[in-house]
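For ligands, and for the atoms within them, numbers begin at 1 and follow the listed sequence. Hydrogens, waters and symmetry mates are skipped; everything else that's a heavy atom, side chains included, is used.
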Amino acid sequence: MSEKTIFEKILEGSIPSDKVYEDEDVFAFRDIDPQAPVHVLVVPKVKTRSLATIKKMDNDSIARFIKGISTVATNLGLDKEGYRVVLNHGKYGQQSVEYIHAHILGGRQMSWPPG
Ligand code: 5GP
């Protein structure tokens, strides 16, 4: 059996996190190394590795993950000024945790292109 990722440990509560939102589909918590004034990670409770594997998830779970991201951003008060959502995959994407997660970044002006 493969070792649990840090996010599975956060989901089961064996590692503490600064939770900002939870419902039956998603769990959201503040990133330990924030890259913006608001930096929250949203994970679906149904595990998949990344965007590369999300197509194996059922459509309802994917839809609830996306809706969860939107709900968390709204609850954080980010809708008016805007925000960025990032899903990293693999080496070039600099994914470091092998459990899909959306970064919600807000509270400052973003730039483009990203680094
Ligand atoms: P990735 O690079 O995989 O897209 O993003 C992983 C994110 O998880 C990073 O931004 C990193 O700071 C965050 N992270 C890693 N370990 C922990 C942890 O134990 N707690 C929290 N809250 N965030 C973590």
Show which residues join I6 in its hydrophobic cluster (side-chain heavy-atom contacts under 4.5 Å, direct or indirect), or state none.
->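 F7, I10, L11, I15, F27, F29, L41, V43, V97, Y99, listed by chain and number.
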What is the minimum heavy-atom distance between H89 and Q95, and which atoms define it?
->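 That would be CA-OE1, 3.4 Å.
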Main-chain N/O of Q35 paired to R108 side chain as donor or acceptor, under 3.5 Å | yes
Spacing of T48 atom OG1 and I54 atom CD1 [to the nearest 0.5 Å] | 6.5 Å
Less than 4.0 Å from some atom of ligand 1, heavy atoms are found in residues I6, F7, I10, F29, R30, D31, I32, D33, L41, N88, Q94, Q95, S96, V97, H101, H103
For N59, look at atom CG and say whether over 12 heavy atoms of other residues, nucleotides or ligands are found less than 6.0 Å away.
-> no
Is the CD atom of E12 crowded by more than 12 outside heavy atoms at less than 6.0 Å?
->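 Buried by this count: over 12 neighbours within 6.0 Å.
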